[in-house]
Protein chains: 2
Amino acid sequence: MATTTAKRGRPRSFDREAALEQALRLFWERGYEATSVADLTTAMGIRPPSLYAAFGDKSALFGEVVDRYREGHGAYATRALAEEPTARAGVARMLREAAAMATDPDHPWGCLLISSTVNCTSPEVTGAVRELRNANVRALESLIRADVAAGHEPAGTDPAALAQFTAAVVQGMSQRARDGATRAELERVAADAMRIWP
Amino acid sequence: MATTTAKRGRPRSFDREAALEQALRLFWERGYEATSVADLTTAMGIRPPSLYAAFGDKSALFGEVVDRYREGHGAYATRALAEEPTARAGVARMLREAAAMATDPDHPWGCLLISSTVNCTSPEVTGAVRELRNANVRALESLIRADVAAGHEPAGTDPAALAQFTAAVVQGMSQRARDGATRAELERVAADAMRIWP
DNA sequence: CCACTTCTGTAGTGATCGCTAATGAAATGA
DNA sequence: TCATTTCATTAGCGATCACTACAGAAGTGG
């Protein structure tokens, strides 16, 4: 198979990445189901057939938005857990950065993975995003467990409980941000949450 | 004005309270906007004109549902804070009971006030329920502050921070319940959360 | 009985939902 | 040049949205 770099046919007349970013903002702000295709095409500056040709359908577009979010605005969490020397330090940094991200005035408040499919009648879409959240909880639990096994955390550290508690706090912080809580308030919540670690 | 107990005209042929309960279940499960009037009339066993005659419109029906929820399934929180001798004991009981309520298999998971208007395009409905949540946070802060002033809480107790932290934990527990967290897991979260109190 | 009031069921309203057929426009390959 | 390929536009698909006009049914007061 020769890799044909030259493209046939009429080239796309809009910036796919820029359009995707507009879709991300809208889904982040309003959620999956409350964002209509008409809303999307208006914000993206294209007509419905262009959206369907470039992205498939609404749920596929949302899937790309979720991927983009996880690699962009949401990547801080994975980075914090991966880069800090201990699980405890990673969680502390993640919570601190979550407070900043969730209240950043440059984009919608809260976390897209947490808020965009709360009221969604599509089991596929709801289930897929829920599974991402629950996988994050399991990954955090594994990270803490590995850290305990390596002797980096004190005895009495309960990986499952700490992961579940951290998940509840993060998801609660997202909701509080959407309700208008400030960055300072959420940073205080994050700092308080760390005090339950042994 | 004489109070006419006898009703004129054709009497209503359905149980208004039972119909309201069915609407509550549906709004709790799916949220405000994702629940259609057709869904509601089917669950309530009535036709649209009966719904509109008895409840006004969809948002007014939701308003009655919210009131019913606050006086019913959601009343445990106010009761816990009012009946326990200290704010600390009240919050501990509220969190413990929240874990049980949010995972009760007899009704939808989570908290209706927290989850039913996350993705809602009506500013009136969204704002009204958000204001109820934020009023609860302020009331909790006042309760803790009064308890501190009365000398029932140790020095160093920060009413605003504790109220915000508790709100985040409760709202996070609701989300975790909708994601499938068990009662035992959430009771552990609740118990852990109480450890940040001085 | 009749007149009056209120509720119920039928059958819609216009608007919006996600999505697409058909046609013309803009690029490439030969 | 000209056929081929791909995209953009117009226009509209059937389904569903929240909501209601209308007429008949079921009660009360006289």
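Worth saying up front: this structure is predicted, and the values here are computed from it rather than measured. Scope of the values below: all heavy atoms of this structure, side chains included, with no hydrogens, waters or symmetry mates. Reminder, nothing fancy here: chain letters follow the sequence lines and each chain counts from 1.
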Subject >> Residues touching DNA chain C, which here means a heavy atom under 4.0 Å, drawn from residues 39-66 of chain B >> reply: R47(B), P49(B), S50(B)
Original post:
Taking atom C1' of dT8(C) as reference, at what distance in whole Å does atom CZ of R16(B) sit?
Top reply: 16 Å
**OP:** Identify which nucleotide among dC17(D), dC7(D), dC17(C) has an atom closest to any side-chain atom of A38(B), counting heavy atoms from C-beta outward.
**Re:** dC17(D)
**OP:** Give the rounded distance in Å between these two atoms: CZ of R10(B) and C1' of dG24(D).
**Re:** 9 Å
Original post:
Rounded to the nearest Å, what distance is computed from the CG atom of residue L26(B) to the C1' atom of nucleotide dA18(D)?
Top reply: 15 Å
Subject >> Minimum-distance nucleotide to F14(B) side chain [options: dA18(D), dT8(C), dA8(D)] >> reply: dT8(C)
Original post:
Counting just side-chain N and O atoms, does S36(B) come under 4.0 Å of either OP1 or OP2 of dC17(D)?
Top reply: yes
Original post:
Please, which pairs that meet ring pair (Phe, Tyr, Trp, His ring centres under 6.0 Å) have at least one residue in residues 137-186 of chain A, sequence neighbours excluded?
Top reply: none
Original post:
Rounded to the nearest 0.5 Å, how far does OG1 of T103(A) lie from CD of E187(A)?
Top reply: 7.5 Å
Original post:
Is any N or O donor-acceptor pair between the side chain of R8(A) and the base of dA27(C) shorter than 3.5 Å?
Top reply: no
Subject >> Salt bridge present between D39(B) and R30(B) (N-O < 4.0 angstrom) >> reply: yes
Subject >> Options dC7(C), dA8(D), dA26(C), nucleotide nearest the side-chain atoms of P11(A) >> reply: dA26(C)
**OP:** Figure out the CZ/C1' separation between R12(B) and dG9(C), and round it to whole Å.
**Re:** 16 Å
**OP:** Return the orientation label for the Y32(B) and F62(B) ring planes: parallel under 30°, perpendicular over 60°, tilted otherwise.
**Re:** tilted
Subject >> side chain to side chain donor-acceptor pair (under 3.5 Å), paired with R25(A), selected from E21(A), Q22(A), E29(A) >> reply: E21(A)
Subject >> Carboxylate-amine/guanidinium contact E83(A) R93(A), below 4.0 Å >> reply: yes
